Amino acid sequence: MDENARVWDLTDSSDADGDEKAGFSIRSHSSKKDRLTGEIKRKEYVCSKQGTYCRPEAEGRVRKRRRVKVRQDCKARIGVVKCPESNKYSISLFEEVHNHSLTTPDKVHLLRSHRDVRESRKALKIDRLGVVNIPTHPPVSNLEVQAGGMENIGCINKDFYDWEMNMRTQLLEHDVELLSEHFGAEKRKNESFYFKMEADSSGRLTNLFWADSTSRRAYKFYGDVIVFNTTYSTNRYGLVFSPLIGVSNHGQTIILACAFLSKETTESFVWLFDQFKNAMPGPPPKMIITDYDAAMTKAIVQALPTTYHRLCVWHILNKFSEKVNPPTLRDRFSNLNACIWEIDTTIEFESKWLTLITENGLNDHPWLSSIYDLRDKWVPAYVKHVFSAGMSSSKQPESSHAFFKPYVSRKNSLMDFVVRFERGLAKQRHEELYADHVDRNEKPASLLETSMETQVAGLYTKALYQKFQIEELKSLKCFLQCTTSDDRQRVYKVTERIKPGVSKVKEVVYDVSADLASCSCKHLEFCGIPCRHVLAFLKHEQVEYLPDKYLLKRWMQRAKSALVFDCDAIKIKDHVDRCVLMRRSTLSKLAITLIDSASMSEEAGKLLLETLQGVQEKIESMGQAIGHAQGSGKAVASDSQTVTLMDPLRVRVKGKEKAMGKLKRWCTECSSFPGNNDDTTQSMPNTQSSPILSLMDEFDIYATASSHPVL
């Protein structure tokens with residue numbers, strides 16, 4: 001053999017594709033490095049079937065995993081040593097003959113040494129696709145079509161799933177560290193980002209609270225009513241996810257803050273509410289709606305003493321099927337439902353409730369007695385006088401949980417959850433952005449073409465204007481009769497015709513000194529929109545335009561037109577790095593255009609490939625230079641704003657064990673409460689990379705590429 005042919009430059013990979021078609025797989029067998037420089041002086045590669053399987057099987061032992069034997073004592077190998085003069089490697093040992101049949105060319109891509117998930121992952125961007133709720137299999141299938149066959153991808157489906165498992169294993173005990181770094185980076189990007197972590201005596205995370213600038217600004221405009229509800233099955237540790245939710249001027253659900261709690265105790269809830277008050281600009285909310293929980297109730301009394309606490313009607317009604325005899329419930333539920341929802345006065349409710357309970361022999365029912373004692377917390381007749389933004393229950397977060405359910409899984413790490421939750425939050429906020437766009441550029445259709453309707457159409461958002469239209473339209477079926485009149489007030493009996501032979505009667509009281517009309521249905525106080533009965537009165541009084549006292553700014557298009565400052569008089573900026581987004585969009589469009597053009601010609605494709613490879617080398621060298629110059633400073637900044645905590649232990653939550661979106665609902669078809677559906681929460685693949693710092697760089701890209709900052 002020619003001596004020149006025996007010299008091998010390991011940096012030359014031009015013949016790599018040809019070498020991979022030889023029909024056998026290789027593995028590294030031994031190597032020797034220089035003790036001072038660490039350079040490889042000698043290396044030996046052997047056939048993957050080298051050696052024998054000599055591990056003895058324990059007598060009587062049955063293995064759950066029965067591995068196949070691939071070693072056949074093959075002697076084929078190649079050894080190289082480094083030549084000091086040429087700085088290249090020369091072949092020192094070569095055994096060419098194999099003692100087994102070689103793999104055929106159509107199957108060589110299945111050999112283990114021929115498969116590499118890293119390059120395929122870069123082309124597939126599987127880590128980013130996992131963040132936007134796309135599982136592994138569909139993108140792999142798409143890549144197969146683009147590559148012209150599975151054999152051209154460079155790996156198989158199993159390699160992707162194995163890679164994901166390896167990443168999860170490497171991230172064990174680094175989850176909180178990664179999340180802390182991530183929140184610290186968000187804080188450095190925008191000082192308005194707020195987060196707080198609490199640990200136990202052993203340094204393990206127990207409670208976590210965070211809110212971004214967008215949520216903090218939203219609280220200033222929509223923080224009058226919040227809904228607080230806990231949910232489970234969102235992370236691998238069993239921590240309870242506790243979002244605080246509000247309603248925007250479009251009637252859409254918005255996230256005001258989020259928290260993870262290890263325990264549902266009074267102390268944990270007090271800590272959460274204290275952090276919420278510290279983070280949010282403005283006074284505490286006027287009303288908070290929750291499910292019934294003794295610890296939560298005590299915490300609200302301690303932390304939010306001026307906030308009206310209301311219990312969720314929907315959750316209470318949902319428990320009727322568990323607490324009350326089903327035949328009795330089936331026969332009388334419609335009457336109970338009417339008693340709860342259709343009665344306006346407390347005296348009438350108490351009378352009707354006691355009558356129904358007595359007729360059905362439920363006077364001694366312990367659960368019914370307990371919820372009756374709490375009637376001032378959940379029955380609409382008792383709570384409608386307090387503004388609730390039209391929310392009668394904490395069912396609002398249930399719809400929010402259903403929206404976010406595809407983005408999360410009980411297998412998530414905390415970092416997984418935050419990044420994927422961010423994607424769902426960005427989509428939710430984009431819907432609000434689109435609603436703002438519609439209000440600014442589209443004029444809603446008019447039904448009655450009255451001056452009042454035109455006025456409200458220019459002030460309210462489209463969603464609230466449509467609700468006003470319904471009330472105004474139904475006011476045409478209302479007829480007034482003055483029953484009492486004096487110098488202080490006038491009382492009117494308002495009869496609404498529902499259908500022929502059926503009508504409802506309400507009472508409207510007009511305060512002369514305040515020049516304000518109020519209705520017994522309390523719709524204005526509860527929802528912030530005048531009811532049909534008040535509108536009928538205003539038309540009766542020939543009021544052409546709706547007075548300002550009946551208009552609520554939080555429902556208007558200009559609800560968010562104000563500067564927001566925190567408790568330290570620092571402006572809360574809703575900051576988004578638009579420069580990065582625009583630069584990324586421009587580069588992506590140009591790259592797609594070039595690839596489409598170059599794909600039609602072999603010469604053009606080769607030119608583009610060579611050019612891109614040269615550009616890639618320059619960009620990588622620029623990144624290494626910047627990282628070397630700023631690396632130490634970045635580490636100090638990160639450490640100064642980040643507390644090193646350990647991952648939380650697996651915790652057990654309370655007995656109610658309520659998973660996202662998994663609650664019993666009333667069936668309108670059979671008029672009964674069906675059993676809980678046994679749908680399992682969709683599991684999303686866990687797609688994290690291994691090194692902590694490189695992972696942080698990737699997650700920073702995710703946060704920057706998003707149209708909104710991370711919550």
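This is a predicted model, so every value here is computed, not measured. Keep in mind that the numbers below use all heavy atoms, side chains included, and drop hydrogens, waters and symmetry copies.
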Q.
Quick test of your reading of the model: are D647 and R204 salt-bridged, counting only N-O distances below 4.0 Å?
A. no
If you round to the nearest 0.5 Å, how far is [atom2] of [Y] from [atom1] of [X]?
X    : Y    : atom1 : atom2 : value
T461 : Q466 : OG1   : CD    : 9.0 Å
E181 : L179 : CD    : CG    : 10.5 Å
I288 : S388 : CD1   : OG    : 12.0 Å
S248 : D436 : OG    : CG    : 8.0 Å
L205 : M197 : CG    : CE    : 6.0 Å
E422 : D212 : CD    : CG    : 9.5 Å

Can you check whether [Y]'s main-chain N or O pairs, donor with acceptor, with [X]'s side chain at less than 3.5 Å?
X    : Y    : answer
H174 : E177 : no
K277 : A303 : yes
S262 : T206 : yes
S369 : H365 : yes

[X] and [Y]: which non-hydrogen atoms are nearest, and at how many Å?
X    : Y    : result
V534 : V508 : N-CG2, 4.5 Å
A295 : T265 : CB-C, 3.9 Å
F320 : L368 : CE2-CD2, 4.0 Å
R216 : S192 : NH1-O, 2.6 Å
K549 : A514 : NZ-O, 2.9 Å
L552 : M556 : O-CG, 3.6 Å

With heavy-atom distances below 4.5 Å as the criterion, would you say the side chains of [X] and [Y] are in contact?
X    : Y    : value
F276 : L304 : no
D439 : H250 : yes
D416 : D175 : no
P648 : V176 : yes
F195 : F209 : no
R236 : N412 : no
L354 : Y372 : yes
K298 : V270 : no

Taking atom types as modelled, is there a side-chain donor on [X] or [Y] under 3.5 Å from an acceptor on the other?
X    : Y    : result
D373 : S370 : no
R375 : Y382 : yes
T253 : Q428 : no
N318 : W314 : no

Assess whether atom [atom1] of [X] is packed by more than 12 heavy atoms of other residues, nucleotides or ligands within 6.0 Å.
X    : atom1 : value
K571 : NZ    : no
K384 : NZ    : yes
K286 : NZ    : no
N363 : CG    : yes
K467 : NZ    : no

**Q.** Trace of the salt bridge (Lys or Arg N to Asp or Glu O under 4.0 Å) decision for E432 with R429
**A.** CA-CA 5 Å; E432 182 181 357; R429 288 175 174 174; over 6 Å; no
Q: Can you sort out the partners of L374 under side chain to side chain contact (heavy atoms under 4.5 Å, CB included), two or more places apart, ordered by chain and number?
A: Y292, L311, W378
(Q) For T230 and E264: C-alpha separation, side-chain torsions, deciding distance, then whether side-chain hydrogen bond (donor to acceptor under 3.5 Å, both in side chains) applies. (A) CA-CA 9 Å; T230 55; E264 291 182 279; 3.2 Å; yes
Q: Start with the C-alpha distance between F183 and W210, add both sets of side-chain angles, then the distance that settles ring pair (Phe, Tyr, Trp, His ring centres under 6.0 Å), and finish with yes or no.
A: CA-CA 9 Å; F183 281 161; W210 76 97; 5.7 Å; yes
Q. In terms of ring plane angle, is the pair F417 and F421 parallel, tilted or perpendicular, where the classes change at 30° and 60°?
A. parallel
Q. So I245 and I254, side-chain contact (heavy atoms from CB on, under 4.5 Å) or not? Walk me through it.
A. CA-CA 6 Å; I245 295 172; I254 56 174; 5.9 Å; no
Q.
Under the criterion side-chain contact (heavy atoms from CB on, under 4.5 Å), I'd like the reasoning laid out for E342 against E348: C-alpha separation, chi angles, the key distance, then a yes or no.
A. CA-CA 10 Å; E342 299 179 9; E348 186 180 357; over 6 Å; no
Q) Between Y237, F241, W271, which is the residue that forms a ring-ring contact (aromatic ring centres under 6.0 Å, His included) with F260? A) F241
Q) In this structure, which one of I300, I226, N229, V227 forms a side-chain contact (heavy atoms from CB on, under 4.5 Å) with T290? A) I300
Q. Under the side-chain contact (heavy atoms from CB on, under 4.5 Å) criterion, do V247 and Q252 qualify, and how do the steps go?
A. CA-CA 5 Å; V247 177; Q252 299 173 338; over 6 Å; no
Taking distance alone, no hydrogens or angles, what donor-acceptor pairs closer than 3.5 Å link side-chain atoms of residues 515-527 to residues at least two apart or in another chain?
from	atom 1	to	atom 2	distance (Å)
D515	OD1	Y510	OH	2.5
S520	OG	E507	N	3.1
H523	ND1	I529	O	2.9

Q: Would you please test W555 and F468 for ring pair (Phe, Tyr, Trp, His ring centres under 6.0 Å) and show each step?
A: CA-CA 11 Å; W555 295 134; F468 175 84; over 10 Å; no
Q | Where at least one partner belongs to residues 217-228, residue pairs that pass side chain to side chain donor-acceptor pair (under 3.5 Å), sequence neighbours excluded | A | Y222-N249, D224-R554
Q: Start with the C-alpha gap between F193 and S213, add the side-chain angles, then the distance that decides, and say whether side-chain contact (heavy atoms from CB on, under 4.5 Å) holds.
A: CA-CA 5 Å; F193 185 88; S213 59; over 6 Å; no
